[in-house]
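Heads up, the thing below is written out as structure tokens.
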Amino acid sequence: LSFGNVEITMCAPLPLTVSNTGTATLSVTGVSSDNAAFTAAPSVFNVAPGASANVTVQFCPGVTGPQSGTLTIASNDPDENPVLVPVSGNGTAIPDIDVAPASLSFGSVEITTCSSLPLTVSNTGTGTLSVTGISSSNPVFSAAPVSFSVAPGASTAVTVQFCPGATGPQSGTLSIASNDPDENPVMVPVSGNGIAIPDIDVAPASLAFGDVEITTCESLPLTVSNTGTGTLNVTGISSSSPVFTAAPGSFSVAPGASSTVTVQFCPTVTGQEEGTLSITSNDPDENPVIVAVSGNGI
């Protein structure tokens with residue numbers, strides 16, 4: 001019996017037929033092995049004349065490498081006792097890949113940035129897992145490292161990035177190639193949404209009007225710029241003091257563009273005046289922007 005390659009944590013069975021070509025009952029009194037990796041059952045049985053019995057022989061290697069042995073079949077056959085059956089097999093260590101999570105969703109990511117998520121590649125087998133490549137069906141999704149080895153029982157973290165480049169939903173598939181014999185490649189769906197985000201910039205950060213005659217108004221410009229990728233919508237400019245006003249109070253600014261706001265100081269009494277302008281917009285992380293204003297009525 002030759003078992004070929006058998007994974008070291010598994011057992012492989014092969015049948016052995018014991019026939020009685022004589023005229024009296026054959027009594028098999030024992031089937032023994034000189035190598036514990038090979039076993040046989042049943043080991044004691046009777047076979048009627050002209051009949052046969054099936055013996056199941058198992059190879060459970062336990063360790064890697066070739067193994068051999070001999071089964072000794074003892075019986076009441078007067079001239080063939082015992083019968084010797086050579087057995088052989090090769091213990092192999094087989095990797096078993098496991099990837100978690102089964103899919104990756106990046107959600108919304110600004111089109112000029114990249115977002116990263118972890119992917120864990122584990123080896124639940126007995127042989128070293130060799131990951132030979134990780135490819136992507138969509139270039140906006142990438143992974144690193146793309147080739148590595150994982151010892152039995154260990155795992156490796158892979159960083160997957162989504163760099164959308166354009167607005168809108170995107171999807172793809174990562175293909176993980178390895179030496180796993182029955183899961184190669186492993187496919188991981190990936191998805192994300194590219195979004196354009198406005199980014200407000202206001203200059204100068206404060207306005208000082210100096211001395212202004214109480215029957216007049218003085219104007220200074222305030223520049224509102226959009227350094228982001230989405231349209232900036234200024235929805236209102238409010239003032240903490242009525243002597244300071246700004247116009248226009250609402251407007252839109254395209255990406256890379258700017259708009260000028262005219263701020264006026266119209267003092268009604270003499271003396272120092274101070275206040276703040278509050279500029280609200282759809283900038284997600286700078287809302288509102290506060291601009292200090294001051295002037296002296298004379």
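Nothing fancy with the numbering, it's 1 onward along the sequence.
- Between the side chain of D34 and the backbone N or O of T70 there is at least one donor-acceptor pair closer than 3.5 Å.
- Atom SG of residue C163 and atom CZ of residue F141 lie 9.5 Å apart, to the nearest 0.5 angstrom.
- Side chains of T280 and T235: a donor on one and an acceptor on the other come within 3.5 Å.
- Separating the CG atom in L277 from the CD1 atom in I290 is a distance of 8.5 Å, to the nearest 0.5 Å.
- For the pair L119/P101, a side-chain contact is recorded, criterion being any heavy-atom separation below 4.5 Å from C-beta on.
- The shortest side-chain heavy-atom distance between Q272 and S294 falls under the 4.5 Å cut-off.
- Cluster partners of I195, using a side-chain heavy-atom cutoff of under 4.5 Å among ILVMFWY residues and allowing indirect links, are I197.
- F162 places none of its side-chain heavy atoms less than 4.5 Å from the side chain of L117.
- Grouping the Ile, Leu, Val, Met, Phe, Trp and Tyr side chains by contacts below 4.5 angstrom, directly or via other members, places V158 with F106.
- Cluster annotation: L129 is not connected to I94 through the hydrophobic network of ILVMFWY side chains, with a link wherever side-chain heavy atoms come within less than 4.5 Å.
- The backbone N or O of D96 sits less than 3.5 Å from a side-chain atom of T124, completing a donor-acceptor pair.
- S240 approaches G275 most closely through the heavy-atom pair OG-CA, 3.3 Å.
- Across all their heavy atoms, S52 and S19 have their closest contact at CB-OG, 3.3 Å.
- Using a 4.5 Å heavy-atom cutoff, the side chains of N282 and L232 are in contact.
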Listed pairs under 3.5 Å, donor-acceptor, residues 168-187 side chains, sequence neighbours left out:
unit_1, atom_1, unit_2, atom_2, d
Q170, OE1, N138, ND2, 3.2
Q170, NE2, P164, O, 3.2
S178, OG, D180, N, 3.2
N179, OD1, S130, N, 2.8
N179, ND2, T128, O, 3.2
D180, OD1, D182, N, 2.9
D180, OD1, E183, N, 2.8
D180, OD2, I97, N, 2.6
N184, OD1, S178, N, 2.9
N184, ND2, S178, O, 2.8

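- The minimum heavy-atom distance between F244 and E273, with the atom names listed, is CZ-O, 3.8 Å.
- Listed here is the closest heavy atom pair of Q161 and C114: NE2-CB, 4.1 Å.
- Without hydrogens or angle criteria, S155 side chain to T120 main chain gives no donor-acceptor distance under 3.5 Å.
- The two residues L207 and P221 have their closest heavy-atom pair at CD2-O, 3.9 Å.
- For the pair A196 and P198, the tightest heavy-atom approach, listed with the atom from each and the gap, is O-CD, 4.1 Å.
- For N233 (side chain) and S252 (main-chain N/O), no donor-acceptor pair under 3.5 Å exists by modelled atom type.
- Between the CD atom of E110 and the CG atom of N193 there is a distance of 11.5 Å, given to the nearest 0.5 Å.
- P255 has its side chain within reach of T231: a pair of non-hydrogen atoms, C-beta onward, lies under 4.5 Å apart.
- Here N46 contributes atom CG and L26 contributes atom CG; the two are 7.5 Å apart, rounded to the nearest 0.5 Å.
- Within the 4.5 Å cutoff, the side chain of L220 has no heavy atoms near those of the V293 side chain.
- Note on I8 and V150: separate hydrophobic clusters, where clusters join Ile, Leu, Val, Met, Phe, Trp and Tyr whose side-chain heavy atoms are under 4.5 Å apart, directly or indirectly.
- Under the 4.5 Å side-chain heavy-atom criterion for Ile, Leu, Val, Met, Phe, Trp and Tyr, V83 and F45 are members of the same hydrophobic cluster.
- The distance from atom OG1 of T72 to atom CG of L84, rounded to the nearest 0.5 Å, is 5.0 Å.
- In this structure, T39 OG1 and L71 CG are separated by 9.0 Å, a value rounded to the nearest 0.5 Å.
- By the rule that hydrophobic residues join a cluster once side-chain heavy atoms approach within less than 4.5 Å of another member, V31 and F3 end up as members of one cluster.
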* Asked: When you look at V55 and V28, which way does the side-chain contact (heavy atoms from CB on, under 4.5 Å) test go after all the steps?
  -> CA-CA 11 Å; V55 175; V28 174; over 6 Å; no

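- Side-chain atoms of I237 and F251, non-hydrogen and from C-beta on, do get closer than 4.5 Å to each other.
- Side-chain contact between F148 and V121 is present, with at least one heavy-atom pair separated by less than 4.5 Å.
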